[in-house]
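Notes follow the structure.
A note on names: the letters A, B, ... follow the listed sequences, proteins ahead of strands, and every chain is numbered from 1. Reckoned from all heavy atoms, side chains included, excluding hydrogens, waters and symmetry mates.
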2 protein chains.
Amino acid sequence: MNKKITLADVAKSLGISKTVVSLVINGKGDHHGISKETQRRVRERIDELNYTPNQLARGFRTGRTHTLGLIVSDISNHFYAQLARYIEDLAWSCGYTLVTCSTDEKIEKEVRQIELLLDRKVDGLIISSSQQSAGMFNRLFEQGKAHVLIDRVFDNMLSPAVSVDNYEGGYQAALHLAAQGAVSPAIFGIGPEHISTLVHRAEGFAAGLRDAGLYIDLQNHFKAPFDGLEEAIAARLEAYHNTHAMPDAIFTLNNNITTFCLKHLQRLGYSVPEQLILMGFDDAAWFAFTRPTVTVVAQPVAVIAERAFSLLMQQISATPSGTQVHEVLPVALIKRLSTARSAPVLAIED
Amino acid sequence: MNKKITLADVAKSLGISKTVVSLVINGKGDHHGISKETQRRVRERIDELNYTPNQLARGFRTGRTHTLGLIVSDISNHFYAQLARYIEDLAWSCGYTLVTCSTDEKIEKEVRQIELLLDRKVDGLIISSSQQSAGMFNRLFEQGKAHVLIDRVFDNMLSPAVSVDNYEGGYQAALHLAAQGAVSPAIFGIGPEHISTLVHRAEGFAAGLRDAGLYIDLQNHFKAPFDGLEEAIAARLEAYHNTHAMPDAIFTLNNNITTFCLKHLQRLGYSVPEQLILMGFDDAAWFAFTRPTVTVVAQPVAVIAERAFSLLMQQISATPSGTQVHEVLPVALIKRLSTARSAPVLAIED
DNA sequence: ATAATTGGTTAAATCGATTTAGGCGATTAT
DNA sequence: ATAATCGCCTAAATCGATTTAACCAATTAT
């Protein structure tokens with residue numbers, strides 16, 4: 001277990017000071033007037049000895065770790081897994097490493113994870129928060145700690161944020177379902193109920209229905225618990241089934257809900273779109289080849305990642321501008337067969 | 001931007017030495033005979049000042065960062081996303097943070113990521129490697145660096161490893177397809193071709209076919225490139241289609257291949273299982289509710305995570321045993337409708 | 001009565017890098 | 001001829017924790 005070569009070893013082996021070696025490594029050789037010849041010798045010796053800097057020591061000294069933190073509710077959720085992948089690629093291309101944490105929508109867990117990451121001196125955070133208010137993030141903002149809120153946003157937040165137009169997505173969904181003949185649609189949501197994305201999607205949906213001359217009771221729509229999601233959805237559908245009260249349309253508020261809804265409707269013997277139409281928020285690869293394929297409101301995942309990363313890098317490398325930045329990206333309605341009530345002749349895309 | 005409270009601040013504010021504060025924080029107070037009263041005062045003041053230790057400095061000094069690294073080919077692949085989630089939970093419950101890196105099957109990228117994580121002094125690595133040989137890992141092993149190979153394994157490897165019985169999975173798949181009437185099945189694989197999991201699955205499949213009196217050319221089965229996977233699969237299926245040479249059964253070597261195969265078979269108008277039967281390696285939530293539902297060889301993801309984590313922790317907290325540990329976990333054949341050639345009356349599970 | 005032990009504590013070294021503040025000899029400016 | 005400048009390099013401080021080696025007074029052992 002040969003102990004690691006240190007910068008001091010390199011310096012000693014060349015009979016020069018650590019300063020020179022450090023400067024050369026960091027490309028500050030010319031700027032500090034280290035002779036070309038010395039620089040060459042240093043680099044040569046570094047190769048010979050196979051020296052690599054201890055990043056921990058470096059980060060400790062400089063206060064910059066080249067590490068970013070990503071906080072989401074569940075990294076195994078397809079939407080967040082994709083997001084993580086995009087962000088990881090962006091981070092890697094800038095020399096950053098990404099630490100991802102799943103909160104399971106537990107506020108307490110989220111807070112501890114953020115604190116842990118801060119104690120580890122990550123250079124920045126990208127957060128899809130489960131919290132109820134902007135308090136903690138406003139504090140981060142005032143401390144000048146680089147971070148970006150994504151996906152979920154807050155009233156009165158100071159932090160830079162990137163989200164999509166959830167309200168509009170819900171609105172479009174409602175218009176589409178109404179156009180396809182839905183009369184008494186149901187919303188399938190998920191707890192906790194303060195999550196901004198879900199609230200906005202539902203509100204937009206209600207507004208769209210209203211404009212289409214329909215009504216839905218926003219307060220009391222179904223909200224499955226985060227833990228035991230599938231079981232709750234199955235139970236709800238069974239209850240509808242047993243009481244012969246199945247709605248004629250369902251709008252599911254995220255991809256997991258859509259997935260489980262479809263699975264259990266199928267299990268109960270319902271055929272979509274003939275007996276009821278269904279559409280969801282969030283796209284996923286498989287929604288394009290299930291039978292029926294599923295109509296969704298899709299989020300521009302790559303763009304969310306790119307914008308959030310860019311806003312984060314701005315904070316890290318420059319002093320942030322004074323104005324609050326909240327980028328709201330457009331969503332896209334992808335019509336597929338699950339809502340093709342009349343003539344199922346829609347082409348399967350790509 | 002109030003600068004962070006340090007251990008020295010706490011010590012000074014109490015008029016005592018840093019040593020005492022450090023010992024108390026680390027629960028070594030009793031062991032070093034710090035009086036109960038002093039310990040109480042220290043803890044109280046830490047709360048008052050809201051002091052939290054700089055984990056970077058701590059890790060720098062102790063050489064233990066309480067960080068683990070996970071290397072996989074693509075975190076957005078459902079199998080790895082699930083694995084990551086399980087490992088993250090285990091790690092978190094033991095006070096560890098997880099850094100995940102995606103390699104895109106690029107050996108060069110994998111090597112750099114491992115080196116980076118080592119320079120960051122992660123306490124251990126869990127690696128699903130894309131490399132060709134055990135060389136780098138045998139070196140890690142000899143240096144005593146804690147790590148576990150998962151999923152993919154090597155000949156002559158010294159490192160602890162956890163994998164599944166890929167050969168047996170392939171074998172069972174072949175028997176099943178043969179039993180369902182397949183006569184000339186095709187394998188849909190993916191590059192690079194040295195990946196042990198894929199090799200073993202294909203070899204087991206060939207052996208199973210042989211035992212069922214069938215034959216397949218192992219050398220020349222289809223291997224799609226990792227980049228552009230979907231397009232390659234689509235093209236291959238189209239080629240079959242155009243030449244009226246569609247096989248009567250397809251065995252897909254991982255969940256992504258299965259997904260894309262199904263999607264494009266559907267696009268080309270083939271009905272499964274009537275015109276051809278299909279089964280894949282790896283389960284995924286949606287395979288249980290696509291139509292048809294998909295027969296798969298499922299891996300025990302949670303167990304893989306648990307065993308790998310356990311082997312890693314053993315190395316970190318104790319001196320590893322001398323014997324090479326390679327745990328091989330069983331796979332499970334889940335029969336669904338995509339291979340139900342005769343009577344599609346199989347119950348949809350759960 | 002002197003030495004050894006114990007209880008409670010501290011000063012200083014240490015981890016491996018970066019950064020500050022100069023040093024020294026040779027050249028250029030005045 | 002003296003001072004200022006320049007080119008090249010170094011010693012030492014520093015980041016914030018942990019850990020080693022002792023210290024001092026009070027008690028116990030011999």
Side-chain angles (χ1 to χ4, degrees), chain A residues 1-43 45-46 49-67 116 118-121 123, chain B residues 1-43 45-46 49-67 116 118-121 123:
Chain A
M1 211 180 316
N2 41 14
K3 54 192 160 307
K4 199 85 194 318
I5 305 266
T6 71
L7 179 143
D9 296 331
V10 177
K12 199 177 329 161
S13 94
L14 282 167
I16 62 176
S17 75
K18 296 192 297 171
T19 308
V20 171
V21 181
S22 174
L23 290 175
V24 171
I25 288 174
N26 292 293
K28 299 181 187 164
D30 289 341
H31 187 254
H32 285 255
I34 308 297
S35 72
K36 292 291 182 198
E37 171 58 14
T38 305
Q39 293 195 41
R40 199 193 50 68
R41 285 169 56 225
V42 169
R43 271 190 258 275
R45 185 56 53 89
I46 284 176
L49 297 179
N50 232 307
Y51 165 74
T52 56
N54 179 328
Q55 300 295 344
L56 208 55
R58 191 197 285 241
F60 171 52
R61 175 62 232 241
T62 62
R64 311 218 27 225
T65 54
H66 285 268
T67 300
L116 184 73
L118 290 177
D119 286 339
R120 303 231 168 151
K121 307 299 172 200
D123 293 338
Chain B
M1 210 179 313
N2 41 15
K3 53 191 163 306
K4 198 86 194 316
I5 303 266
T6 72
L7 180 142
D9 296 331
V10 177
K12 197 174 336 157
S13 95
L14 282 166
I16 62 177
S17 75
K18 296 191 297 170
T19 309
V20 171
V21 180
S22 173
L23 290 173
V24 171
I25 287 173
N26 292 294
K28 298 182 186 163
D30 289 343
H31 188 255
H32 284 254
I34 308 296
S35 71
K36 293 291 181 197
E37 172 58 13
T38 304
Q39 293 196 40
R40 199 192 50 69
R41 284 170 55 225
V42 169
R43 270 189 259 276
R45 185 56 55 89
I46 284 176
L49 296 180
N50 233 309
Y51 165 73
T52 56
N54 179 330
Q55 299 294 342
L56 208 55
R58 189 195 286 237
F60 171 51
R61 174 65 232 242
T62 61
R64 312 219 24 226
T65 53
H66 285 269
T67 299
L116 184 73
L118 292 177
D119 285 340
R120 302 234 169 149
K121 307 298 173 199
D123 293 338

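When only modelled atom types and interatomic distance are considered, A/Ser22 and A/Thr19 share no side-chain donor-acceptor pair under 3.5 Å.
For DNA chain C, the residues of residues 22-38 of chain A within the heavy-atom distance limit of 4.0 Å (strictly under) are A/Ser22, A/Asn26, A/Lys28, sorted by number.
At least one donor-acceptor pair under 3.5 Å links the side chain of B/Thr67 to the backbone N or O of B/Thr65.
Taking atom NZ on A/Lys12 and atom C1' on D/dC9, their separation rounds to 19 Å, with Å as the unit. For the pair B/Ile46 CD1 and D/dA17 P, the interatomic distance rounds to 10 Å; values are reported in whole Å.
Side chains of B/Ile25 and B/Leu7 form a contact here, defined as non-hydrogen atoms less than 4.5 Å apart.
Backbone-only engagement by B/Ile16 is indicated by non-hydrogen atom pairs under 4.0 Å involving sugar-phosphate atoms exclusively.
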Determine, stepwise, if the pair B/Asp9 / B/Tyr51 fulfils side-chain contact (heavy atoms from CB on, under 4.5 Å). CA-CA 9 Å; B/Asp9 296 331; B/Tyr51 165 73; over 6 Å; no
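Salt-bridge check for A/Lys4 with B/Asp119: passed, with a basic side-chain N closer than 4.0 Å to an acidic carboxylate O.
Counting all heavy atoms, side chain and backbone alike, A/Arg120 lies closest to B/Leu56 at O-CD1, 4.0 Å. When all heavy atoms are compared, the tightest approach of B/Ala57 to B/Asn54 is N-OD1, 3.0 Å. What you find for B/Ser13 and B/Leu49 is that their closest heavy atoms are OG-CD1, 4.0 Å.
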Just by protein heavy atoms under 4.0 Å, how would nucleotides 11-16 of chain C read 5' to 3' in B, S and -? BBBBBB
